[in-house]
Amino acid sequence: MQKTILITGGAGFIGAHVIKRFVQSYPDYLIVNLDKLTYAGNLENVKDVENAPNYQFEKGDITGLDYIRDLFKKYAFDAVIHLAAESHVDRSISNPLLFAHTNVIGTLTLLQVAKENWSNHLDGKLFYHVSTDEVYGSLENEDEFFLETTPYDPRSPYSASKASSDHFVRAYYNTYNLPIVISNCSNNYGAYQFPEKLIPLFINNIIHQKPLPVYGEGLNVRDWLYVEDHASAIDVIFHRGKVGETYNIGGFNEWKNIDLIKLLCKLMDDKLSRPTGTSAQLITYVKDRAGHDLRYAIDATKLNQELGWQPSLQFEEGLSKTIDWYLENKEWLANVTSGEYQKYYEKQYALNERA
Ligand code: NAD
Ligand code: TYD
């Protein structure tokens, strides 16, 4: 194998797309997927590659220092692509300590072990940290965008934990010369997203004709990127990004929540052959999220101009493909909403042990 790469959080939403892209595009790389399989991790998400000769799954926790040391001994990784995290803002509001532990201590643990292993031979090594645009805070003026140079101003426990992890990644670059790269991406959507985030939650609720809880007045703005475009950007940055740099990833695709929700309702009515207006009747305005950031908007010019990356899909097309995927994979949705998927790992490993 040309390279051995540790990808963390590969059983989650974005991680699964990154795993599949790397396993399928780079047969010369050994891809090791390390995931704790929390509620957000599901091995069904990477079923397409589970038997590939260049893929290995390891169930484990990024916060376990001795465990991570053993894993580096076992595989001698050349690179890390770090996605494992607690990722949902609402959960961070109810459990901030968990977010600090996983996102900060977990990242620090990986950095420390990478440094211990690579310090005498840094050539060709890379620690790639996958982060979010939420570290930049909330935009108030319509003509403002997040740039790589925008000062950090995190406002939720989730974004504070990601900002802190980004700072540690840069600290290891500045202090120990650890070769790092960071990307900060806008909101993702697409297949395999856990139905607690806006788009899959609302698709699921529309299917079951349950209320659609719109926070506040639905006026908050998010910048949406199709998850496979995020995975393609990670691929480009991993291979051609400059060590020590940050790259913003986004598709200049801002939507006010309520406008997005109305488009989603219309598409769902069409696809489910329900009279136009049926799903919109489910819209229910609820109490706003505490500290709800008003607007995120990424300027991804640097990534486009320096590395030639651009998104492949327009939003309406991506949203339509995403809805189709959820409608074609109702069993996946039913399993994740019932928690059934969490038995998958145990079943797979019981089978392997018997074989
Ligand atoms: P996710 O919640 O779907 O998946 C996270 C994965 O990490 C899960 O498989 C989970 O089991 C695993 N994990 C959690 N704690 C762990 C631990 N202690 N040890 C090992 N594994 C653990 O998240 P996602 O939406 O796929 O996000 C992936 C990364 O991308 C995160 O770092 C997130 O901050 C970042 N990001 C997400 C978005 C988005 O819109 N979802 C946008 C920009 C950046
Ligand atoms: P979410 O998907 O949780 O992503 P983030 O908070 O990281 O941007 O939410 C996207 C937007 O949708 C955000 O402004 C909050 C809003 N939202 C609702 O109005 N209702 C909901 O039930 C959820 C989950 C989100």
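Numbering of ligands and ligand atoms starts at 1, following listing order.
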Problem - Option set Tyr215, Trp255, Tyr189, criterion heavy-atom distance to atom 25 (C) of ligand 2, minimum - result: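 Looking at heavy atoms only, the winner is Tyr215.
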Handout entry: Test log, rule side chain to side chain contact (heavy atoms under 4.5 Å, CB included), inputs Leu260 and Trp224
Key = CA-CA 10 Å; Leu260 186 162; Trp224 295 92; 3.1 Å; yes
[X], any N or O under 3.5 Å of ligand 2 N or O:
{"X": "Leu198", "value": "yes"}
{"X": "Trp224", "value": "no"}
{"X": "Pro213", "value": "yes"}
{"X": "Lys197", "value": "no"}

Exercise for the section: Classify the contact between Phe202 and ligand 2 as side chain, backbone, both or neither, using a heavy-atom distance cut-off of under 4.0 Å. Expected result: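 Only the side chain of Phe202 comes within reach of ligand 2.
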Exercise for the section: Could you tell me whether Asn187 approaches ligand 2 through its side chain, its backbone, both or neither, with non-hydrogen atoms closer than 4.0 Å? Expected result: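 Side chain only.
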Just need the protein heavy atom nearest to [atom], so name the residue and atom and give the distance.
{"atom": "atom 7 (O) of ligand 2", "result": "Glu134 OE2, 2.6 Å"}
{"atom": "atom 16 (C) of ligand 2", "result": "Asn257 ND2, 3.5 Å"}
{"atom": "atom 15 (C) of ligand 2", "result": "His292 NE2, 3.4 Å"}
{"atom": "atom 3 (O) of ligand 2", "result": "Arg289 NH2, 3.1 Å"}
{"atom": "atom 8 (O) of ligand 2", "result": "Arg222 NE, 2.7 Å"}
{"atom": "atom 24 (C) of ligand 2", "result": "Glu196 O, 3.3 Å"}

Practice task
Answer yes if the ring centres of Phe22 and Phe238 are under 6.0 angstrom apart, and no otherwise.
Solution key: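 When the ring centroids of Phe22 and Phe238 are compared, they turn out to be within the sub-6.0 Å range.
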Handout entry: Closest contact, heavy atoms only, Gly251 versus Asp223
Key =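 Nearest pair, atom of Gly251 first, then Asp223: N-OD1, 4.3 Å.
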Problem - Point-to-point distance, once rounded to the nearest 0.5 Å, from CG of Asn187 to CD of Glu134 - result: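 The CD atom of Glu134 is 6.0 Å from CG of Asn187, to the nearest 0.5 Å.
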Over-ring placement of [X] relative to [Y], 6.0 Å and 45° cut-offs:
{"X": "Lys302", "Y": "Tyr247", "value": "yes"}
{"X": "Arg222", "Y": "Tyr296", "value": "yes"}
{"X": "Arg295", "Y": "Phe145", "value": "yes"}

Problem - Under 3.5 Å donor-acceptor, His101 side chain and Leu97 backbone - result: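 Looks like no, no N/O pair under 3.5 Å.
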Practice task
Assess the side chains of Tyr226 and Thr322: does a donor N or O sit below 3.5 Å from an acceptor N or O?
Solution key: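 Side chains of Tyr226 and Thr322: no pair found under 3.5 Å.
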Problem - Close-range residues for ligand 1, whose non-hydrogen atoms fall below the 4.0 Å threshold - result: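 Ligand 1 is contacted, at a heavy-atom distance under 4.0 Å, by Gly9, Ala11, Gly12, Phe13, Ile14, Asp35, Lys36, Leu37, Thr38, Ala40, Gly41, Gly60, Asp61, Ile62, Leu83, Ala84, Ala85, Ser87, Thr102, Val130, Ser131, Thr132, Tyr158, Lys162, Cys185, Ser186, Asn187, Asn188, Lys197.
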